[in-house]
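See below for the structure under consideration.
Every chain is numbered from 1 and lettered A, B, ... according to where its sequence line falls, protein lines coming before strand lines.
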Amino acid sequence: MTKYKVSLFGITKDIIGSSSTEVELTDQSDVNALVENLKTKFPQLSEIKSLLVAVNSEYADLGLVLSEKDEIALIPPVSGG
Amino acid sequence: MLLLPAEQTRYQKHLLLPQIGLEGQLKLKNAKVLVVGAGGLGCPVLLYLAAAGVGKIGIIDGDVVDLTNLQRQVIYKIEDIGISKAVVAVSRLKSLNDNIDYETINSKLKKENAEPIIGSYDIVVDCTDNFTTRYLINDFCVKLGKPYVYGAIHQFEGQVSVFNFKDKDGTPGPTYRCLFPEQPSEAEIPNCSDIGVLGILPGALGMYQANEVVKMITGIGKVLSGELLMLDLLENTSQKIKVKRRANAEELIFPVAGKDESAFDLERSIMKTITVYELAEKLENKDDILIVDVRNHDEYETCHLEEALLIPMNTIPNNIKHIPKDKPVVVHCHHGIRSANVIQFLEQNHEYQNLYNLTGGIDAWAREIDEEMMRY
């Protein structure tokens, strides 16, 4: 198992109630597994249709396999102006 | 085109910069920039573009100034309350720089008017406060091949990027839909008007937007294309996320089968509604119904229906369990817009079929049924 730290932005920060969270997954898990794990723990995340995941400051496809020291960020759309 | 003597004096500090100089200032004078939304982000963008000498500035906003705007929309004054933002903004900008050609568009940007308006400008600046207009701007800019500067804020953090920007080789950069392909409903992501925003935040973000506009026009520096800049004013942190254009970026615009505006119009038109008279009758007959008020706490304190359950719009996803499916539920807000969004959200995501939108909201109730009720 590997622990991943996820930085949170916008509404995801409010849903999870913190500016970052930790997710423990089996080794060689992908971005999709990470998102699904978070959605199970925080069902409100499932309401967000478009949720951007960045890994090491780069847009990540759901199939990207994570490695231990990756910097992961969850970025929702923001509407205010 | 040349600079007038007064312009040479006015733009002296730009002319002294070798990166801008006379050539750059003339590029600014020849440029046409459309600013969509004259609110928190729009105010600094407009002030700095007018000061910088952008030759033509279009301002589109259908709202009027109200007292809650003055905490962050710094070009408006107390005496402007109730007056069109676009009209007030242009008059304010003329007093700053009257060498500029201003176009005042006192209306919302809509599907019906977007193409001719966007089509007559070189660059668009997205300073809006709702997803419907943001996706509309994206889709028309992609369709018309216009670059646009995106800015959006949430409480203490903001996002800025330049979308659909062609680099020197003519290769277009990512679009808004490359980051967030599908338009969220207003219920899933709350807005400043419901959750608040630090007044300084749109000021800071708007400056970044204006800066990108000036860089694009003059061709200096590195345009923020292919990257989403995120700023957090509480922690003073910033980070850039690299994003690529999707190969199908052009196919993503104007989705037909999706849950976007076009589909939403249709759904809203078939949404079940109830008038205030029908509701009054149901209450008098003591029918078994539930009334859900989706306004915020302050609005509820101002006036409410005794029978109503308060669930502010942004807390709806957390309170699904309190909204039954086995009896009629009347959803209301102030005028009926937010409640329509909530109903759309619940029908699409939680299979509700028993929801009725109160036509005209609590304001209609105060007008038609209960004259003693406080109106706001």
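The pair B/Lys244-A/Asp61 does not count as a salt bridge, with every side-chain nitrogen at least 4.0 angstrom from each carboxylate oxygen.
Neither the backbone nor the side chain of A/Ile15 comes within contact range of chain B, judged by heavy atoms closer than 4.5 Å. Both the backbone and the side chain of A/Glu58 come within less than 4.5 Å of a heavy atom of chain B. With a 4.5 Å cut-off on non-hydrogen atoms, A/Asn56 does not touch chain B at all. For chain A, no part of B/Asp126 is nearby; none of its heavy atoms comes within less than 4.5 Å. Looking at B/Leu228, only its side chain comes within 4.5 Å of chain A, counting heavy atoms on both sides.
Taking the side chain as every heavy atom from C-beta outward, B/Ile320 and A/Gln44 never approach each other to under 4.5 Å. You'll find the side chain of A/Glu47 stays beyond 4.5 Å of the side chain of B/Ile316, heavy atoms only.
Across every non-hydrogen atom of A/Pro77 and B/Phe131, the tightest pair is CB-CE2, 3.8 Å. Listed here is the closest heavy atom pair of B/Ile241 and A/Tyr59: CG2-N, 3.9 Å.
Highest contact tally toward chain A, considering only B/Glu157, B/Gln159, B/Gln73, is held by B/Glu157 [criterion: heavy-atom pairs under 4.5 Å]. When each of B/Pro202, B/Gly40, B/Cys178, B/Pro317 is checked for heavy-atom pairs under 4.5 Å with chain A, B/Pro317 comes out on top.
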